[in-house]
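For reference, the structure is listed below as structure tokens.
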Amino acid sequence: MNKPHIIELPRMYDPRGSLTFVEETRHVPFDIKRVYWIYDVPGGESRGAHSHKASESLIVAASGSFTVDLFDGYEHHRFALNKPFEGLYVPPGYWRVLDDFSSGSVCMVMTSTFYTEDDYERDFDRFMEWARSRKEEAI
């Protein structure tokens, strides 16, 4: 299984402002099927609290900052995102919680699949059962 990791994205410097871009399969390790963004998150709130069974994601702090906590059922990873030229690659099978949103932050997410509720696991206990069964199959 792939591990979550930061991907540095191209950036163009200019006195008028910087520009960052992504090209699927060139900068993102999957074909992009969906892009969405999260914004206006009230202080103290968190987002996520789910896992994806098949979808890969690239999470970018397009503006501001937030943290992403990931858990595969055995190992925790915590990433602070605050640079619009870095994306966090998240393979399928990781429980994710996004929190510590700064005021005015924008979280942009690119995914490898179109939206389908069947890809989501929103119950943590069922996620843990699924994570354990995946680990046993890999042995």
Side-chain angles (χ1 to χ4, degrees):
M1 175 170 36
N2 289 330
K3 297 278 187 185
H5 61 275
I6 296 292
I7 296 174
E8 187 153 341
L9 303 170
R11 53 186 165 159
M12 310 294 283
Y13 298 101
D14 187 298
R16 301 167 297 163
S18 298
L19 179 143
T20 291
F21 61 94
V22 296
E23 296 172 349
E24 64 185 359
T25 67
R26 189 169 185 191
H27 306 117
V28 180
F30 52 81
D31 291 331
I32 299 169
K33 300 290 188 212
R34 181 169 61 120
V35 178
Y36 63 91
W37 44 100
I38 301 166
Y39 55 95
D40 291 342
V41 178
E45 289 296 322
S46 64
R47 298 292 310 224
H50 65 266
S51 176
H52 289 282
K53 299 171 188 168
S55 187
E56 299 170 87
S57 301
L58 188 73
I59 303 172
V60 177
S63 180
S65 63
F66 50 88
T67 58
V68 181
D69 288 306
L70 300 173
F71 182 56
D72 66 359
Y74 298 90
E75 189 175 4
H76 287 273
H77 303 272
R78 184 170 175 87
F79 296 88
L81 297 181
N82 58 13
K83 298 173 183 151
F85 54 86
E86 288 183 348
L88 172 60
Y89 171 72
V90 183
Y94 281 84
W95 187 265
R96 66 188 67 195
V97 175
L98 289 72
D99 58 12
D100 299 327
F101 284 84
S102 67
S103 178
S105 61
V106 177
C107 170
M108 182 177 62
V109 183
M110 293 162 257
T111 69
S112 64
T113 60
F114 296 115
Y115 174 81
T116 173
E117 185 60 30
D118 293 341
D119 184 49
Y120 285 76
E121 181 53 70
R122 299 181 191 275
D123 180 275
F124 186 75
D125 292 334
R126 283 200 308 260
F127 163 75
M128 286 301 297
E129 290 175 18
W130 180 68
R132 288 186 189 112
S133 69
R134 287 181 69 202
K135 182 81 166 184
E136 290 170 5
E137 289 173 8
I139 297 175

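Start at 1 with the first residue, then count along the sequence.
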With clusters defined by side-chain heavy atoms of hydrophobic residues (ILVMFWY) lying less than 4.5 Å apart, directly or transitively, does Val35 cluster with Leu58? yes
Passes side-chain contact (heavy atoms from CB on, under 4.5 Å), Met12 versus Phe21? Steps please. CA-CA 9 Å; Met12 310 294 283; Phe21 61 94; 4.3 Å; yes
Residue pair Pro29 / Ile7: nearest heavy atoms and the distance that separates them: CD-CD1, 3.7 Å
I need the Thr113 OG1 to Asp31 CG distance, nearest 0.5 Å. 11.5 Å
Shared hydrophobic cluster, Leu88 / Val28 (ILVMFWY, side-chain heavy atoms < 4.5 Å): no
May I ask you to test the Glu56-Pro92 pair for a side-chain heavy-atom distance under 4.5 Å? yes
Checking Val41 against Ile38 for the side-chain contact (heavy atoms from CB on, under 4.5 Å) test, could you report, in this order, the C-alpha distance in whole Å, the side-chain angles of both residues, the deciding distance, and whether it holds? CA-CA 7 Å; Val41 178; Ile38 301 166; 3.6 Å; yes
Look at the aromatic rings of His5 and Tyr89 and report parallel, tilted or perpendicular, splitting at 30° and 60°. tilted
Any link between Met128 and Val97 through a network of hydrophobic side chains (Ile, Leu, Val, Met, Phe, Trp, Tyr) touching at under 4.5 Å? yes
If you take all heavy atoms of Ala54 and Ser112, which pair is closest and at what distance? O-OG, 4.2 Å
How long is the straight-line distance from CD of Glu86 back to CD1 of Ile6, given to the nearest 0.5 Å? 5.5 Å
Residue pair Asp100 / Thr67, side-chain donor-acceptor N/O under 3.5 Å: yes
Sorted by first residue and then second, give each side chain to side chain donor-acceptor pair (under 3.5 Å) pair with at least one member in residues 36-49; sequence neighbours left out. none
Audit row: Cys107, Phe101, side-chain contact (heavy atoms from CB on, under 4.5 Å) steps and yes/no: CA-CA 9 Å; Cys107 170; Phe101 284 84; 4.2 Å; yes
Apply side-chain contact (heavy atoms from CB on, under 4.5 Å) to the pair His76 and Asp69, showing each step before the final yes or no. CA-CA 7 Å; His76 287 273; Asp69 288 306; over 6 Å; no
Return the orientation label for the Phe127 and Phe71 ring planes: parallel under 30°, perpendicular over 60°, tilted otherwise. tilted
Can you name the nearest heavy-atom pair linking Tyr94 to Asn2, along with the distance? OH-O, 3.7 Å
Transitive ILVMFWY side-chain link Met108 to Ile32, under 4.5 Å: yes
For His52, does its backbone N or O pair with a side-chain atom of Asp119 as donor and acceptor, under 3.5 Å? no
Answer yes or no for Arg122 and Tyr120: cation-pi contact, defined as NZ/CZ to six-membered ring centre under 6.0 Å and angle to ring axis within 45°. yes
Quick check for you: to the nearest 0.5 Å, what is the distance between Glu129 atom CD and Asp123 atom CG? 8.0 Å
Could you measure the distance from the CZ atom of Arg96 to the CG atom of Asp72? Nearest 0.5 Å is fine. 13.0 Å
Of all residues at least two apart in sequence or in a different chain, which pass the ring-ring contact (aromatic ring centres under 6.0 Å, His included) check with Phe30? none
Could you check if a side-chain atom of Trp130 sits within less than 4.5 angstrom of a side-chain atom of Ser51, using non-hydrogen atoms only? yes
Heavy-atom closest pair, residues Val60 and Phe66: O-CZ, 3.9 Å
Which atom pair, heavy atoms only, marks the closest approach of Ile59 to Leu81? O-CD1, 3.6 Å
Identify the two heavy atoms, one from Gly104 and one from Ser63, that lie closest to each other, and give their separation to 0.1 Å. O-OG, 3.6 Å
Rounded to the nearest 0.5 angstrom, the CG-CD distance for Leu70 and Glu75 is 10.5 Å
Output for pair (Met110 CE, His27 NE2), nearest 0.5 Å, gives 11.0 Å
Is Lys53 reaching over with its side chain to a backbone N or O of Glu121, donor-acceptor style, under 3.5 angstrom? no
Could you check Arg34 against Ser55 for side chain to side chain donor-acceptor pair (under 3.5 Å), going step by step and ending with a plain yes or no? CA-CA 10 Å; Arg34 181 169 61 120; Ser55 187; 5.5 Å; no
